[in-house]
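Just so you know, residue 1 is the first one in the sequence shown, and it goes up from there.
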Amino acid sequence: MTISNDEVTIGGSTVLGYPRIGPRRELKRALESYWDGAITAEQLHDTGRELRKQTWLRLAQLGLTQLPSNTFSYYDQMLDTAILLDAIPDRYRKHHSLDAYFAMARGNDSVAPLPMTKWFDTNYHYLVPEIGPDTVFRLRADKPVSEFREARELGLITRPVLLGPLTFLLLSQAAPDSPDGFQPLDRLDDVLVTYAQLLARLDAEGVPWVQLDEPALVLDRTEAELDAAKRAYQRLANLGERPRLLLASYFGELGDALQAIAATGVEAVAVDLVRGTTDGLEALAGKTIVAGVVSGREVWRTDLGSARVTLEALRAMASEVVVSTSCSLLHVPYDVEVETELEPGLRERLAFAEQKVAEVVALATGTGDKFQTELPFWVPEKASPKAQRRSPYAVRAKAQAEYLKLPPLPVTTIGSFPQTDELRATRADAAAGRIDEQEYERRIELEVQRVIRLQEELGLDVLVHGEPERNDMVQYFAENLEGFATTRFGWVQSYGSRCTRPPIMHGDVKRTRPITVAWARYAQSLTGKPVKGMLTGPVTIVAWSFKRHDLPLAESVWQVAQALREEVTDLETAGIHIIQVDEPALREMTPLRERDQAEYLQWAVEAYRHATSGASDRTQIHTHLCYSDAAAAFAAIDALDADVTTIESARSHARVLAEPTAAAFSRGLGPGVYDIHSPRVPDVAEVVELLTYASKSVPAAQLWVNPDCGLKTRTYPQVQAALRNVVEAARLMRGKV
């Protein structure tokens with residue numbers, strides 16, 4: 001099709017994506033029913049079709065003039081793209097279509113899943129495709145076309161959303177048998193051939209616009225990568241048969257990538273104006289700017305007056321300005337209006353996905369006066385006090401060895417044990433008043449007894465109480481600290497069928513009473529082996545909540561750190577001398593641009609050390625990081641000064657241990673040997689192989705044996721079988737040291 005500038009228009013309002021799990025987590029329930037064999041593949045697809053239909057109709061009803069499609073996924077958009085391009089490793093090809101998809105996502109009895117890590121600086125996880133020199137790319141699926149047809153049957157013309165070729169390749173990993181120096185981006189030209197075929201197919205279908213998501217362009221990129229971006233999009237823009245192209249960036253400013261993209265023939269560019277500014281956008285003159293002035297990641301009402309000023313400034317820079325969200329609304333809950341238990345004054349300040357769409361429409365139509373809010377009040381940056389320091393590690397290690405008397409390669413878990421239907425029912429009964437507090441505590445005590453007995457029978461060395469009283473590792477603390485609010489239906493997808501309800505920070509954080517002490521003390525009373533106290537770290541509690549806008553981030557984290565410091569002191573007083581303070585979000589919350597990272601890491605590390613430095617030398621402090629690219633943050637992990645650090649390793653095939661920073665790590669290190677995000681049970685030989693590999697980088701005196709993460713998503717049969725094999729593997733390894 002021939003495209004001229006005077007034809008450029010995509011309407012006045014849009015969003016870059018929308019939640020896909022369903023307002024009541026319908027997709028989660030359908031997925032888990034399918035995995036359990038309770039429903040058929042066709043019934044699962046029926047659920048998907050109904051959720052897509054509901055989304056499109058609702059977005060149209062709310063008044064958007066352009067609706068996205070192909071944002072739905074049964075698991076993850078990176079995985080969907082790998083399937084679309086037929087970038088499927090050979091080990092999965094023996095499975096049929098849907099089974100191969102879920103084998104790549106979750107693994108099964110015969111094959112391990114793909115690695116999984118965090119999507120930029122969010123709590124969403126994506127599957128990491130494997131790309132090698134011999135990967136053959138071809139269109140294998142028609143999901144973007146079929147979803148466009150579904151919407152068209154409803155009388156709606158949508159804009160299919162594709163993951164851009166640069167981001168797909170930059171976030172993939174080299175296949176295991178790739179030669180040294182190979183990078184997935186080396187295959188860009190081959191991938192572009194397949195994208196061209198897909199664009200031609202969409203054009204033939206009558207698709208007017210396609211959105212290509214390129215969030216990788218907001219990171220620091222090399223000149224070669226920027227040249228690749230320019231070349232790729234000029235090549236796609238020069239195609240004779242294609243829809244108009246909207247390149248969508250988000251999570252930050254394009255920076256140097258802006259000029260590269262501006263020089264291409266793409267008709268529209270989406271920019272994040274919540275995290276970025278309008279500086280330099282004059283380069284997009286002649287193009288449509290899709291202005292992300294409504295946050296797709298936070299839950300506070302938009303200051304529509306300020307947003308209008310931004311939009312007016314843009315009108316002088318572009319052929320047309322379209323109002324949008326800063327990124328997909330995947331990262332926020334569906335609807336704040338159903339949260340009737342929230343304090344009314346707080347609820348009026350909040351906007352979930354539905355309300356954000358209304359804000360976008362109001363800004364596009366000029367009808368937003370009723371949504372006007374005041375500008376956030378920012379207090380000056382407050383320097384957090386310098387954290388205290390514990391004794392040198394060598395002193396602590398000696399005191400802990402004498403007191404704890406642990407064997408070589410001690411076996412432990414990360415904290416949680418399976419969250420059974422009975423436990424969920426117990427919490428629901430207590431919340432609804434169907435059982436009193438005494439009955440609730442009796443049931444939780446029985447579960448703690450079960451978990452302690454099981455660990456003793458299996459032969460673990462450091463036990464946990466299993467966290468049966470906790471719904472979520474962040475929400476539980478938010479419910480017990482002042483300054484947070486929690487929701488009933490505010491679910492956000494984390495990965496696959498896993499959803500969380502991020503708390504909302506709305507005031508100063510204070511601890512008014514012990515939170516975890518009673519259950520830790522009770523568990524310790526049941527066994528002669530050490531029981532770990534289990535806490536979530538200050539950075540993670542803040543990162544996995546919706547954060548305040550009226551207080552600097554560092555100050556919010558410091559307030560949580562102070563509360564945790566008080567909890568650590570009380571745990572130690574109660575006789576708990578191993579305390580795990582998890583910080584899986586340490587890397588996740590690191591700013592995307594290198595120029596901003598040093599300042600963040602300084603105060604993040606100080607906050608952690610403040611939370612933990614009150615412990616005595618003989619109290620062993622553990623921390624845990626999972627699915628957040630620990631290798632990239634090992635210097636910061638080292639600075640946390642925890643006595644033992646446990647990390648994800650099994651799912652990523654222990655690649656972190658090949659890092660020079662890991663080899664130089666001088667304290668206890670537990671590279672995970674059991675991938676808990678997969679239903680498969682590792683056998684003894686597999687665990688021994690992982691431990692043998694780990695022992696080449698980590699001295700035996702420092703090596704711990706543990707799963708990748710908590711066990712709450714697994715079943716008891718899976719956990720018992722896996723931990724039995726892990727303990728046996730550790731015993732075999734002890735015989736070799």
Cation-pi, Y195 ring and R242 (6.0 angstrom, 45 degrees): no
NZ/NE/NH1/NH2 to OD/OE distance under 4.0 Å, D472 and R498: yes
field: Closest approach of V492 to V332 (non-hydrogen atoms, all atoms of both residues)
entry: CG2-C, 3.7 Å
message: Quick check: do P418 and T715 have side-chain heavy atoms less than 4.5 Å from each other?
response: no
- request: Given salt bridge (charged side-chain N to carboxylate O under 4.0 Å, His left out), test E42 with R49 step by step and report yes or no.
  value: CA-CA 10 Å; E42 187 54 38; R49 281 188 286 268; 2.4 Å; yes
message: Angle between ring planes, Y75 versus F102, binned at 30° and 60°: parallel, tilted or perpendicular?
response: perpendicular
field: Expected output: side-chain R187 to main-chain T135 donor-acceptor under 3.5 Å
entry: yes
- prompt: Does the T65 side chain pair with the main chain of G12, one donor and one acceptor, at a distance under 3.5 Å?
  reply: yes
- line: Nearest heavy-atom approach of R470 to R427 is O-NH1, 3.4 Å
task: Could you tell me the separation between the NE2 atom of H331 and the OG atom of S295, rounded to the nearest 0.5 Å?
output: 10.0 Å
- request: Kindly assign one of parallel, tilted or perpendicular to the pair F251 and F120, based on the angle between their ring planes and the thresholds 30° and 60°.
  value: tilted
query: Between atom OG of S97 and atom CD1 of I88, what is the distance when rounded to the nearest 0.5 Å?
result: 8.0 Å
- prompt: What are the two closest heavy atoms between G490 and P502, and how far apart are they?
  reply: O-CD, 3.6 Å
task: State, yes or no, whether a side-chain contact exists between L59 and P68 at a heavy-atom distance under 4.5 Å.
output: yes
- request: List the steps, then state whether side chain to side chain contact (heavy atoms under 4.5 Å, CB included) holds for L16 with V161.
  value: CA-CA 8 Å; L16 299 187; V161 177; over 6 Å; no
- prompt: Without hydrogens or angle criteria, can the side chains of D80 and Y74 be said to hold a donor-acceptor pair below 3.5 Å?
  reply: no
- line: Residues passing the side chain to side chain donor-acceptor pair (under 3.5 Å) test with T71, sequence neighbours excluded, are none
message: Tell me every residue that passes ring pair (Phe, Tyr, Trp, His ring centres under 6.0 Å) with F137, counting only those two or more places apart in sequence or in another chain.
response: none
Under the salt bridge (charged side-chain N to carboxylate O under 4.0 Å, His left out) test, residues paired with D335 that sit two or more places apart: none
Within 6.0 angstrom of K143 NZ, more than 12 heavy atoms from elsewhere: yes
query: Would you say the side chain of M116 lies within less than 4.5 Å of the side chain of E648, judging by non-hydrogen atoms?
result: no
SB check K94 D99 (cutoff 4.0 Å): no
- prompt: Any donor-acceptor pair under 3.5 Å linking the side chain of E205 with the backbone of V145?
  reply: no
query: Are the side chain of R714 and the backbone N or O of I676 linked by a donor-acceptor pair below 3.5 Å?
result: yes
query: Which heavy-atom pair separates A291 from L273 by the least distance, and what is that distance?
result: CB-CD1, 3.9 Å
message: Donor-acceptor check, side chain of K287 to backbone of V266, threshold 3.5 angstrom: yes or no?
response: yes
field: A543: partners by side-chain contact (heavy atoms from CB on, under 4.5 Å), with sequence neighbours left out
entry: A585, E588, M589
task: For L139, check side-chain contact (heavy atoms from CB on, under 4.5 Å) against everything at least two apart and list the hits.
output: L84, T194, Q197, L198, R201
message: Donor-acceptor pair, distance only, cut-off 3.5 Å: does the side chain of Q54 make one with the backbone of L51?
response: no
Main-chain N/O of A270 paired with S249 side-chain donor or acceptor, under 3.5 Å: yes
message: Taking R297 first and then D272, would you say they form a salt bridge - that is, a charged N and a carboxylate O separated by under 4.0 Å?
response: no
task: Flag yes if more than 12 heavy atoms outside D36 fall under 6.0 Å of its CG atom; otherwise flag no.
output: yes
query: So, K53 and E153, do they make that salt bridge, N to O below 4.0 Å?
result: no
message: Do K712 and N471 make a side-chain contact, defined as non-hydrogen atoms from C-beta onward lying under 4.5 Å apart?
response: no
message: Tell me whether E339 is salt-bridged to R501, with the criterion being a basic N under 4.0 Å from an acidic carboxylate O.
response: no
- prompt: Between H45 and Y34, does any side-chain donor sit less than 3.5 Å from a side-chain acceptor?
  reply: no
message: Run R25 and E32 through salt bridge (charged side-chain N to carboxylate O under 4.0 Å, His left out) and show every step you take.
response: CA-CA 11 Å; R25 295 182 295 162; E32 292 174 358; over 6 Å; no
- request: For salt bridge (charged side-chain N to carboxylate O under 4.0 Å, His left out), just list the numbers for D86 and R93, CA-CA rounded to whole Å, side-chain angles, deciding distance to a tenth of an Å, and then say yes or no.
  value: CA-CA 10 Å; D86 202 28; R93 290 190 179 275; 3.2 Å; yes
message: Is it true that T167 and E214 share a donor-acceptor pair across their side chains at a distance under 3.5 Å?
response: yes
message: Are the side chains of V357 and R58 in contact, using a 4.5 Å heavy-atom criterion?
response: no
- request: Start with the C-alpha distance between L245 and L199, add both sets of side-chain angles, then the distance that settles side chain to side chain contact (heavy atoms under 4.5 Å, CB included), and finish with yes or no.
  value: CA-CA 10 Å; L245 302 180; L199 291 173; 4.1 Å; yes
- request: For the residue pair Q355 and E337, establish whether any side-chain heavy-atom pair is separated by less than 4.5 Å.
  value: yes
Check against side chain to side chain contact (heavy atoms under 4.5 Å, CB included), T14 and V360: CA-CA 7 Å; T14 192; V360 166; over 6 Å; no
query: Do P208 and P243 have side-chain heavy atoms sitting under 4.5 Å apart?
result: no
- line: d(L202 CG, E241 CD) to nearest 0.5 Å is 12.0 Å
- request: Look only at the side chain of E147 and the backbone of N70, and say whether a donor-acceptor pair between them is shorter than 3.5 Å.
  value: yes
- request: For the pair N108 and H95, evaluate side chain to side chain contact (heavy atoms under 4.5 Å, CB included) and give the outcome as yes or no after the intermediate values.
  value: CA-CA 11 Å; N108 56 35; H95 301 286; 3.2 Å; yes
message: Just to verify, what does Y495 make a ring pair (Phe, Tyr, Trp, His ring centres under 6.0 Å) with, not counting sequence neighbours?
response: H125, H677
Distance-only donor-acceptor check, side chains Q77 and D213, under 3.5 Å: no
- prompt: Hey, are the side chains of L330 and P19 touching, using non-hydrogen atoms and a 4.5 Å cut-off?
  reply: no
- prompt: If you round to the nearest 0.5 Å, how far is CZ of F168 from CG of L212?
  reply: 13.5 Å
- prompt: Y126 vs W119 aromatic rings, parallel, tilted or perpendicular, using cut-offs 30° and 60°?
  reply: perpendicular
- request: State whether the side chain of T325 and the backbone N or O of V294 hold a donor-acceptor pair below 3.5 Å, judged by distance alone.
  value: no
message: Please find the pair of heavy atoms, one from L188 and one from A232, that lie closest to each other, and give the distance.
response: CD2-CB, 4.1 Å
query: Which heavy-atom pair separates Y92 from A103 by the least distance, and what is that distance?
result: CE2-O, 3.5 Å
